[in-house]
Amino acid sequence: MALITEFSLFAFTTLGGMAAGAYAVAACFADDGREAKRPWLFPLVCLALLGVGLLGVLGHLGRPERFLLAMSNPASMIAEEAYWSIAFGVLILVDFVLLRRGTSPRAVRVAAAVAALGLMGVMGWAYFTSYGNPAWATWQTLPLFVAGDLAMGAALWALFRGEGAYRSGAFAAAFTVVGALAIASIALTAAHFASFGYDALPFAAAVVLAAGVASGLLAWKGKLPAAVGPAAAFALVLAGVATARYAFYAASIL
């Protein structure tokens with residue numbers, strides 16, 4: 001697979017999307033007492049992922065003043081992504097500061113999840129409306145981004161919760177559902193790309209994603225060691241989603 005010219009945007013949507021997906025999932029599951037000894041580490045890592053991703057946006061624009069110019073046009077997709085990113089980032093920071101001091105109200109995490117969902121939606125919409133690239137301007141683009149972000153985010157959140165996350169039948173079911181949706185979206189996108197003559201083989205990364213979902217289910221069943229299950233699920237889901245997303249961006253250079 002050739003090196004993509006939009007690598008900076010790939011970094012933004014993958015890292016920022018994973019952080020957003022993690023908060024969206026975290027808001028759905030209350031603390032059951034098995035959270036890490038350092039709960040503030042989760043928002044700190046998510047904030048770092050979002051921050052590094054936003055650096056990719058600056059790299060894509062080339063010069064900082066272009067970012068300010070884009071921000072002055074609320075109708076532009078870069079501006080909308082920036083607005084949602086800022087809102088999401090501020091709420092993550094609040095969550096981090098409160099957790100460092102003791103506890104953070106659930107309302108903060110729910111508000112962050114709302115901003116996260118907005119960010120994920122805008123990320124997908126930006127390419128869905130890319131009318132100059134018919135491979136991107138299709139309904140399959142939306143679930144490819146949103147479902148992929150939720151799958152990565154669920155695996156990331158579970159990684160911080162350790163075996164506690166996969167002991168929950170509700171979480172295991174949710175993880176399986178978002179994983180299946182991500183796999184289906186990759187398959188649909190691959191078929192759409194193939195119809196335009198693009199190489200759909202890299203989208204076979206869905207197989208790796210499926211292995212990640214299987215790892216989560218094995219952890220739920222207690223078939224994998226507590227220290228292995230969450231890490232294996234995260235690594236495989238991240239690899240599968242990121243590879244498929246890289247293949248998506250490769251359409252810009254073919």
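Along the sequence shown, residues carry numbers from 1.
Residues L93 and F42 are members of one and the same hydrophobic cluster, defined by side-chain heavy-atom contacts under 4.5 angstrom among Ile, Leu, Val, Met, Phe, Trp and Tyr. Note on F171: it clusters hydrophobically with F160, by side-chain heavy-atom contacts below 4.5 Å among ILVMFWY residues. Linking Ile, Leu, Val, Met, Phe, Trp and Tyr whenever their side-chain heavy atoms come within less than 4.5 Å puts V97 and V45 in one cluster. Cluster annotation: L156 and V241 are assigned to the same hydrophobic cluster (Ile/Leu/Val/Met/Phe/Trp/Tyr, side-chain heavy-atom contacts under 4.5 Å, transitive). Residues L119 and V114 do not share a hydrophobic cluster, defined by chaining ILVMFWY side chains whose heavy atoms lie under 4.5 Å apart.
In terms of modelled atom types and a separation under 3.5 Å, the side chain of T141 and the main chain of A137 share no donor-acceptor contact. Panel note: side chain S195, backbone H192; a donor-acceptor pair is recorded below 3.5 Å. Remark: side-chain polar atoms of R106 are paired, donor with acceptor, to backbone N or O of A27 under 3.5 angstrom.
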Inset, instruction - Determine, step by step, whether L209 and I186 satisfy the side-chain contact (heavy atoms from CB on, under 4.5 Å) criterion, reporting the C-alpha distance in whole Å, the side-chain angles of both residues, the deciding distance to 0.1 Å, and the verdict. - result: CA-CA 10 Å; L209 174 55; I186 292 173; 3.9 Å; yes
Legend entry - side-chain contact (heavy atoms from CB on, under 4.5 Å) between D149 and V146, worked out: CA-CA 5 Å; D149 291 343; V146 176; 5.7 Å; no
Inset, instruction - Please lay out, stage by stage, how S85 and F12 fare under the test side-chain contact (heavy atoms from CB on, under 4.5 Å). - result: CA-CA 10 Å; S85 295; F12 169 59; 3.7 Å; yes
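Between S215 and L224 there is a side-chain heavy-atom pair separated by less than 4.5 Å. With contacts defined as side-chain heavy-atom distances shorter than 4.5 Å, the pair T243/V208 does not qualify. Side chains of L98 and T103 form no contact here, defined as non-hydrogen atoms less than 4.5 Å apart. The closest side-chain heavy-atom distance from N133 to Y127 is not below 4.5 Å. Side-chain contact between T14 and M152 is present, with at least one heavy-atom pair separated by less than 4.5 Å. The shortest side-chain heavy-atom distance between L238 and M18 falls under the 4.5 Å cut-off. With a 4.5 Å cut-off on side-chain heavy atoms, S185 and L188 do not count as touching.
Ring pair F128/W125 is tilted by interplanar angle, where 30° to 60° counts as tilted. Using bins of under 30°, 30° to 60° and over 60° for the plane-to-plane angle, the ring pair F145/F248 lands in the perpendicular bin.
Closest approach of L91 to A115, counting heavy atoms only: CD1-CB, 4.1 Å. Minimum heavy-atom separation, P43 to I92: O-CG2, 3.2 Å. For M120 against A20, the heavy-atom pair with the smallest separation is CG-CB, 3.7 Å. A182 approaches A151 most closely through the heavy-atom pair CB-CB, 4.1 Å. Looking at every heavy atom in both residues, G53 comes nearest to L15 through N-CD1, 4.3 Å. In plain terms, the two heavy atoms of G216 and A233 that are nearest each other are N-CB, 4.1 Å.
Separation of atoms CG (L99) and CG (L41) is listed at 10.5 Å; rounding is to 0.5 Å. Separation of atoms CG (L47) and CH2 (W40) is listed at 13.0 Å; rounding is to 0.5 Å. For the atom pair C28 SG and W157 CH2, the distance stands at 9.5 Å (nearest 0.5 Å).
By the ring-ring contact (aromatic ring centres under 6.0 Å, His included) test, F203 pairs with F193, sequence neighbours left out.
A side-chain donor-acceptor contact under 3.5 Å links Y249 and T13.
When each of F175, F234, F29, W220 is paired with Y166, the ring-ring contact (aromatic ring centres under 6.0 Å, His included) condition holds for F175 and for no other.
A salt bridge is defined here as a Lys NZ or Arg NE, NH1 or NH2 lying under 4.0 Å from an Asp or Glu carboxylate O, and D95 with R100 fails to meet this definition.
Both tests pass for R109 against the ring of Y23: distance under 6.0 Å to the centre and angle within 45° of the axis.
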